[in-house]
Asker: 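Here's a structure for you.
Here the structure is a predicted model, which is why all the values come from computation and not from measurement. Note that these values count all heavy atoms, side chains included, but never hydrogens, waters or copies made by symmetry.
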Amino acid sequence: MRQFTAFVIVTAAVLMLGACGSGETDTPVVNENLIQKDCFKISAESSGLDTCASGTVFCESGDSTSVHIKIAAQIEIDPDDWGGVSFSFTDGWEITGALCSYPDDQTAVSYQAAIWRTADSDAEWDKMIEIGRDRLGNSPSDGGTGTVIIDLEPASNDVQPDAFNMIVAVGCEEKDGFNAVGTDTVTVNMPIVLSNNN
């Protein structure tokens, strides 16, 4: 009887494993639509603050005529830094989504992140996401770490940009009685090459 029971259990297990492995699967493929990527890293060295940002820009394409940008970044903001971290984008792109965990040690949703858009239609850099920034320079954000995820799409369905440009700025300083943010910057310039093979 024990041998029969063991045989039934083994047979059932083999049949279940076989069923799981047969047929079509919907398992996603890693980097299936990735056509380009670029990395960035910046720290607030010039202002002597322990503020930094680093991450990767992913460019995905669903077909030969459309692209999607996803940015994944880790940030750290110095407790004395009221300038925080900002991500600026050119007018050819629209921000379609943003997630921010800064500061990681808070259990509630943080409101220390904001999306801005300039009213100047001629401005090249017309969209910005700021984290932990006080433009008046009165109130540092108490510092911390966090993760930022940003999604962008072309601003027009008819015109696909031939490049993605972004400025990441960190740090702050008071100079000659004026408050300045973004004392250190890094620029990402990523040409977009669409392939008919996607």
Side-chain angles (χ1 to χ4, degrees), residues 36-59 69-152 155 161 163-192:
Q36 286 158 269
K37 71 176 182 68
D38 200 352
C39 298
F40 61 90
K41 186 174 184 179
I42 184 70
S43 62
E45 292 179 3
S46 69
S47 53
L49 296 166
D50 290 328
T51 297
C52 59
S54 62
T56 304
V57 179
F58 298 96
C59 180
I69 297 291
K70 185 178 287 291
I71 301 162
Q74 292 290 321
I75 64 170
E76 180 176 354
I77 300 178
D78 190 287
D80 295 324
D81 186 359
W82 40 264
V85 178
S86 70
F87 300 83
S88 299
F89 308 102
T90 54
D91 59 0
W93 297 89
E94 291 293 338
I95 300 169
T96 57
L99 294 170
C100 179
S101 70
Y102 175 84
D104 280 335
D105 60 358
Q106 286 190 5
T107 55
V109 175
S110 172
Y111 293 98
Q112 296 189 30
I115 299 176
W116 299 89
R117 184 182 180 113
T118 179
D120 183 359
S121 59
D122 295 326
E124 179 184 6
W125 302 92
D126 67 341
K127 284 165 286 294
M128 178 186 298
I129 294 180
E130 296 177 330
I131 300 106
R133 175 171 287 182
D134 174 22
R135 290 173 171 265
L136 298 177
N138 299 326
S139 177
S141 66
D142 295 329
T145 60
T147 303
V148 182
I149 306 292
I150 305 169
D151 292 291
L152 299 103
F164 174 76
N165 300 306
M166 173 181 73
I167 296 175
V168 184
V170 296
C172 65
E173 66 179 353
E174 184 180 345
K175 188 174 183 180
D176 300 327
F178 295 95
N179 291 332
V181 295
T183 54
D184 295 87
T185 62
V186 64
T187 303
V188 173
N189 297 309
M190 186 170 66
I192 294 176

Asker: When rounded to the nearest 0.5 angstrom, what distance separates CG in D184 from SG in C52?
Answerer: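 So the CG of D184 and the SG of C52 are separated by 11.0 Å.
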Asker: Once salt bridge (charged side-chain N to carboxylate O under 4.0 Å, His left out) is applied, do any residues pair with D91, and if so which ones, sequence neighbours excluded?
Answerer: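 Not a single residue meets the salt bridge (charged side-chain N to carboxylate O under 4.0 Å, His left out) criterion with D91.
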Asker: Does a sphere of radius 6.0 Å around CH2 in W125 hold more than 12 heavy atoms from other residues, nucleotides or ligands, not counting ones at 6.0 Å or beyond?
Answerer: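 Atom CH2 in W125 is crowded, with more than 12 foreign heavy atoms closer than 6.0 Å.
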Asker: Looking only at heavy atoms, what is the nearest atom pair of S47 and G171, with distance?
Answerer: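 The pair with the smallest heavy-atom distance is OG-CA, 4.1 Å.
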Asker: Not counting sequence neighbours, which residues clear side-chain contact (heavy atoms from CB on, under 4.5 Å) with I115? List them please.
Answerer: I95, A98, I129
Asker: Hey, mind stepping through I71 and F89 against side chain to side chain contact (heavy atoms under 4.5 Å, CB included) and telling me if it holds?
Answerer: CA-CA 12 Å; I71 301 162; F89 308 102; 3.6 Å; yes
Asker: To the closest 0.5 Å, what do you measure between CE (M128) and OG (S86)?
Answerer: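 The OG atom of S86 is 5.0 Å from CE of M128, to the nearest 0.5 Å.
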Asker: Given C172 and N179, is the side chain to side chain contact (heavy atoms under 4.5 Å, CB included) satisfied, shown in steps?
Answerer: CA-CA 7 Å; C172 65; N179 291 332; over 6 Å; no
Asker: With sequence neighbours left out, what residues match S54 under side-chain hydrogen bond (donor to acceptor under 3.5 Å, both in side chains)?
Answerer: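 Checked S54 against side-chain hydrogen bond (donor to acceptor under 3.5 Å, both in side chains); zero matches.
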Asker: Report the residues that fulfil ring-ring contact (aromatic ring centres under 6.0 Å, His included) with F164, sequence neighbours left out, ordered by chain and then residue number.
Answerer: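 Listed in chain order: W93.
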Asker: Looking at every non-hydrogen atom in both residues, tell me the closest pair between P103 and G143 and how far apart they are.
Answerer: CB-O, 4.2 Å
Asker: Taking side-chain contact (heavy atoms from CB on, under 4.5 Å) as the definition, give me every residue that meets it alongside C59, ordered by chain and number, with sequence neighbours left out.
Answerer: I35, Q36, V67, I69, M190, I192
Asker: Sort and list the pairs that fulfil salt bridge (Lys or Arg N to Asp or Glu O under 4.0 Å) and have at least one residue in residues 121-131, not counting sequence neighbours.
Answerer: R117-D126, E130-R133, E130-R135
Asker: Suppose the criterion is side-chain hydrogen bond (donor to acceptor under 3.5 Å, both in side chains): which pairs have a residue in residues 142-152, not counting sequence neighbours?
Answerer: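 Residue pairs passing side-chain hydrogen bond (donor to acceptor under 3.5 Å, both in side chains), neighbours aside: H68-D151, K70-D151, Q74-T147, D104-T145.
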Asker: If you measure from CG on L49 to CH2 on W82, what distance do you get to the nearest 0.5 Å?
Answerer: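 Output value for this atom pair is 9.5 Å.
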Asker: Once rounded to the nearest 0.5 Å, what's the spacing between atom CD1 of I75 and atom CD1 of I42?
Answerer: 14.0 Å
Asker: Considering residues at least two apart in sequence or located in another chain, which fulfil the side-chain contact (heavy atoms from CB on, under 4.5 Å) criterion with D50?
Answerer: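 Result, side-chain contact (heavy atoms from CB on, under 4.5 Å) vs D50: D78.
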Asker: Test of understanding: with side-chain hydrogen bond (donor to acceptor under 3.5 Å, both in side chains), list the residues that count as partners of S43, not counting sequence neighbours.
Answerer: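 side-chain hydrogen bond (donor to acceptor under 3.5 Å, both in side chains) list for S43, sorted by chain: E45.
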Asker: So which atom in A53 and which in V168 form the shortest heavy-atom distance, rounded to 0.1 Å?
Answerer: CB-CG1, 4.1 Å
Asker: Quick one: side-chain contact (heavy atoms from CB on, under 4.5 Å) partners of K37, sequence neighbours excluded?
Answerer: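 Applying side-chain contact (heavy atoms from CB on, under 4.5 Å) to K37 gives C39, T56, F58.
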Asker: Of all the heavy-atom pairs spanning P161 and G92, show the shortest one and how long it is.
Answerer: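 Taking P161 first and G92 second, the nearest heavy atoms are CG-O, 3.6 Å.
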Asker: Check A73 against F40 and note the closest heavy-atom contact, atom names and distance.
Answerer: CB-CZ, 3.8 Å
Asker: Would you compute the distance between atom OH of Y102 and atom CD1 of I77 and round it to the nearest 0.5 angstrom?
Answerer: 4.0 Å
Asker: So, taking the atom named CG in D38 and the one named CE in M166, what distance separates them when rounded to the nearest 0.5 Å?
Answerer: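 Reported to 0.5 Å precision, the distance equals 8.0 Å.
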Asker: Evaluate the criterion side chain to side chain contact (heavy atoms under 4.5 Å, CB included) for residue pair V85 and F87; output intermediate values, then yes/no.
Answerer: CA-CA 7 Å; V85 178; F87 300 83; 3.8 Å; yes
Asker: Judged by modelled atom types alone, do T90 and N165 share a side-chain donor-acceptor pair under 3.5 Å?
Answerer: no
